[in-house]
Amino acid sequence: GESVGLHLPTLSVQEGDNSIINCAYSNSASDYFIWYKQESGKGPQFIIDIRSNMDKRQGQRVTVLLNKTVKHLSLQIAATQPGDSAVYFCAETGYTGNQFYFGTGTSLTVIP
Amino acid sequence: KAGVTQTPRYLIKTRGQQVTLSCSPISGHRSVSWYQQTPGQGLQFLFEYFSETQRNKGNFPGRFSGRQFSNSRSEMNVSTLELGDSALYLCASSQKTGRGEQFFGPGTRLTVL
């Protein structure tokens with residue numbers, strides 16, 4: 001089956017710095033990817049998505065990069081703020097429907 | 001617009017019992033997906049329902065089942081509970097099935113003793 005893994009389980013950054021969270025996936029048929037943010041006691045919250053026909057997509061303070069050659073996904077957060085502290089998950093699917101596979105998450109801590 | 005609601009928020013059961021969890025999607029959303037979240041395994045897909053039909057199913061035993069009603073509300077049932085079923089159960093709704101944003105509820109924390 002698919003596996004979606006994360007390179008680092010924890011990441012600490014200074015407030016104002018940029019953060020980069022990485023994700024590797026193994027299913028070459030995956031064609032749609034999402035980054036989620038999960039704060040303590042809450043369900044995951046959609047941040048940004050990207051389809052496999054793109055290699056970069058930008059949102060508000062966030063950028064997702066997709067490298068299909070090495071099956072790698074990254075989330076860049078610009079000017080990281082304390083409110084960005086959370087667990088970040090990447091999710092992917094190559095299926096029809098909403099059958100997503102999630103990584104185990106990276107815990108981001110922003111140091112004021 | 002109200003978000004995804006899940007009831008109950010917390011539940012304690014003993015091994016061998018069964019449990020039913022409920023999810024009310026955002027108004028107008030027809031797809032409901034269920035996930036199990038544990039510290040070791042992360043989020044694992046259970047199943048997705050769209051217009052009362054199961055669209056996809058993950059790799060969970062038959063003890064895990066679900067259904068969706070005509071108003072898009074969904075329930076999942078776990079029979080013969082095991083200790084390893086202790087987890088946060090999340091449901092997510094979306095307008096359609098397929099690529100697109102899913103909105104997650106706060107989850108139901110199930111503890112099996």
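Lettering of chains follows the sequences in order, A, B, ..., and the numbering in each one begins at 1. Note that these values count all heavy atoms, side chains included, but never hydrogens, waters or copies made by symmetry. As the structure is a computational prediction, the values presented were derived from the model and not from experiment.
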How many angstroms lie between CD1 in A:Ile47 and CD in B:Glu101, if you round to the nearest 0.5 Å?
11.0 Å
Approximate separation, where rounding is to 0.5 Å, of B:Phe47 CZ and A:Gln99 CD
12.0 Å
Counting only heavy atoms not in A:Arg51 (residues, nucleotides, ligands), do more than 12 fall under 6.0 Å from its CZ?
yes
Atom CD of A:Gln14: over 12 foreign heavy atoms under 6.0 Å:
yes
For residues [X] and [Y], report the shortest heavy-atom separation together with the two atoms involved.
X: A:Phe89; Y: B:Gln37; value: CZ-NE2, 3.4 Å
X: A:Phe100; Y: B:Phe45; value: O-CB, 3.5 Å
X: A:Pro44; Y: B:Leu90; value: CD-CD1, 3.8 Å

Do you reckon [X] sits in the same ILVMFWY cluster as [Y], going by side-chain contacts under 4.5 Å, direct or chained?
X: A:Val110; Y: A:Leu75; answer: yes
X: A:Tyr25; Y: A:Val64; answer: yes
X: B:Tyr49; Y: B:Leu46; answer: yes
X: A:Phe33; Y: A:Val62; answer: yes
X: B:Leu83; Y: B:Leu81; answer: yes

Heavy-atom proximity to chain A below 4.5 Å, by part of [X]:
X: B:Arg9; value: side chain
X: B:Tyr35; value: side chain
X: B:Leu43; value: both
X: B:Gln102; value: both

Chain B contact via A:Gln45 - which portion, at a heavy-atom distance below 4.5 Å:
neither
